[in-house]
Amino acid sequence: MNVAATQLADDALSDCRRAFVEYTVNSGRYDQTISNALAKCLLDLNLYVRVEVINWAVHISNERFENFSQLVEAGAGWPEFRFPNPLSNDFWNASILKRAVRGLDIIGCIRDGKEIEQIKKDFPEEDSFIFDVIQFSKTRRERLAKWQDNHSID
């Protein structure tokens with residue numbers, strides 16, 4: 001099952017890439033192949049995939065997060081640009097690095113317990129949808145408890 005799930009990380013459909021991340025979360029598996037694929041998914045242009053990786057990274061151990069961070073910063077999962085002009089390649093590589101580091105910084109802030117609204121202000125270039133989904137996930141239990149209190153049978 002691990003091989004088939006890992007192949008989803010390179011699928012053209014973003015729902016398949018998202019399913020790969022969800023498989024990783026649910027299975028708890030983590031090896032070199034999976035970590036490289038997760039690094040690639042952090043850079044995914046589909047925001048659902050990106051936010052799934054961010055949520056995964058928020059809840060992993062410090063050791064795994066350190067390993068994951070090193071892979072992302074080293075360029076694991078980055079697309080290979082082959083423009084005839086090397087300056088174009090440099091431009092996109094710098095852009096990818098900026099996006100990768102921003103993702104890691106956001107994860108680090110969440111892991112440190114900072115408020116989502118403050119993180120949102122600190123990273124205005126990140127899509128607000130990412131922060132909305134993270135906030136929704138963090139407050140799920142509170143909303144459920146409030147709803148249960150309001151609908152409890154006396």
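- Considering only heavy atoms from C-beta on, Thr33 stays 4.5 Å or farther from Asn2 through its side chain.
- Residues Val49 and Ser14 approach most closely at CG2-O, 3.5 Å, considering heavy atoms.
- Of the inter-residue distances, the one linking Ile107 atom CD1 with Ile60 atom CD1 reads 7.5 Å to the nearest 0.5 angstrom.
- Of all the heavy atoms in Arg99 and Leu43, the pair that sits closest is NH1-O, 2.6 Å.
- In this structure, the side chain to side chain contact (heavy atoms under 4.5 Å, CB included) partners of Asn55, at least two apart in sequence or on a different chain, are Val51, Val133, Ile134, Ser137.
- Heavy atoms of other residues, nucleotides or ligands lying less than 6.0 angstrom from CZ of Phe123 number more than 12.
- Identified under the salt bridge (Lys or Arg N to Asp or Glu O under 4.0 Å) test for residues 54-65, with sequence neighbours left out: none.
- Using a 4.5 Å cut-off between side-chain heavy atoms of Ile, Leu, Val, Met, Phe, Trp and Tyr, Leu87 forms no hydrophobic cluster with any other residue.
- Interatomic distance, CH2 of Trp147 versus CG of Asp149, reported as 11.0 Å (0.5 Å rounding).
- Under a hydrophobic clustering in which Ile, Leu, Val, Met, Phe, Trp and Tyr are joined whenever their side-chain heavy atoms come within less than 4.5 Å, directly or via other members, Ile96 and Leu104 fall into different clusters.
- Annotation: side chain to side chain donor-acceptor pair (under 3.5 Å) contacts of Thr139 (sequence neighbours excluded): Arg143.
- Remark: Glu66 engages Gln70 in a side chain to side chain donor-acceptor pair (under 3.5 Å) (not counting sequence neighbours).
- Remark: Phe65 CZ to Asn62 CG distance equals 8.5 Å, nearest 0.5 Å.
- Residues Val25 and Leu47 share a hydrophobic cluster, clusters being chains of Ile/Leu/Val/Met/Phe/Trp/Tyr side chains in contact below 4.5 Å.
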Can you list, pair by pair, the side-chain donor-acceptor contacts under 3.5 Å of residues 72-83, counting residues two or more places apart and other chains?
{"from": "Trp78", "atom 1": "NE1", "to": "Val72", "atom 2": "O", "distance (Å)": "3.4"}
{"from": "Glu80", "atom 1": "OE2", "to": "Arg82", "atom 2": "NE", "distance (Å)": "3.0"}
{"from": "Glu80", "atom 1": "OE2", "to": "Arg82", "atom 2": "NH2", "distance (Å)": "3.0"}

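- Closest of all the heavy-atom pairs between Ala9 and Ala37 is CB-CB, 3.5 Å.
- Neither Val101 nor Leu71 shares a network with the other; the hydrophobic side chains, linked directly or stepwise wherever heavy atoms of I, L, V, M, F, W or Y lie under 4.5 Å apart, form separate groups for each.
- Residue pairs meeting the salt bridge (Lys or Arg N to Asp or Glu O under 4.0 Å) criterion with at least one partner in residues 25-40, sequence neighbours excluded, are Asp10-Lys40.
- Applying the ring-ring contact (aromatic ring centres under 6.0 Å, His included) test to pairs two or more places apart or on separate chains, those with a residue in residues 1-35 are Tyr30-Trp56.
- The environment of NZ in Lys114 is sparse: at most 12 heavy-atom neighbours from other residues, nucleotides or ligands sit within 6.0 Å.
- The distance from atom NE2 of His59 to atom CD1 of Ile110, rounded to the nearest 0.5 Å, is 9.0 Å.
- In this structure the side chain of Gln32 reaches within 4.5 angstrom of the side chain of Ser35, judged on heavy atoms.
- The salt bridge (Lys or Arg N to Asp or Glu O under 4.0 Å) check on Arg18 picks up Glu22, Glu52, with sequence neighbours excluded.
- Listed by first and then second residue, the salt bridge (Lys or Arg N to Asp or Glu O under 4.0 Å) pairs that reach into residues 119-133 are Arg50-Glu126, Arg102-Glu126, Lys120-Asp132, sequence neighbours excluded.
- With sequence neighbours excluded, the residues that form a side chain to side chain contact (heavy atoms under 4.5 Å, CB included) with Lys146 are Asn150.
- Following chains of ILVMFWY side-chain contacts shorter than 4.5 Å, one can reach Leu42 starting from Phe129, so the two form part of one hydrophobic cluster.
- For the atom pair Ser128 OG and Ile116 CD1, the distance stands at 12.5 Å (nearest 0.5 Å).
- Note that CD1 of Ile54 and CD1 of Ile106 are 5.5 Å apart. Values are rounded to the nearest 0.5 Å.
- Apart from Leu13 itself, the hydrophobic cluster it occupies contains nothing, where clustering links Ile, Leu, Val, Met, Phe, Trp and Tyr at side-chain heavy-atom distances under 4.5 Å.
- Contact annotation: the side chain of Leu38 approaches that of Ile34 to within less than 4.5 Å [non-hydrogen atoms, C-beta and beyond].
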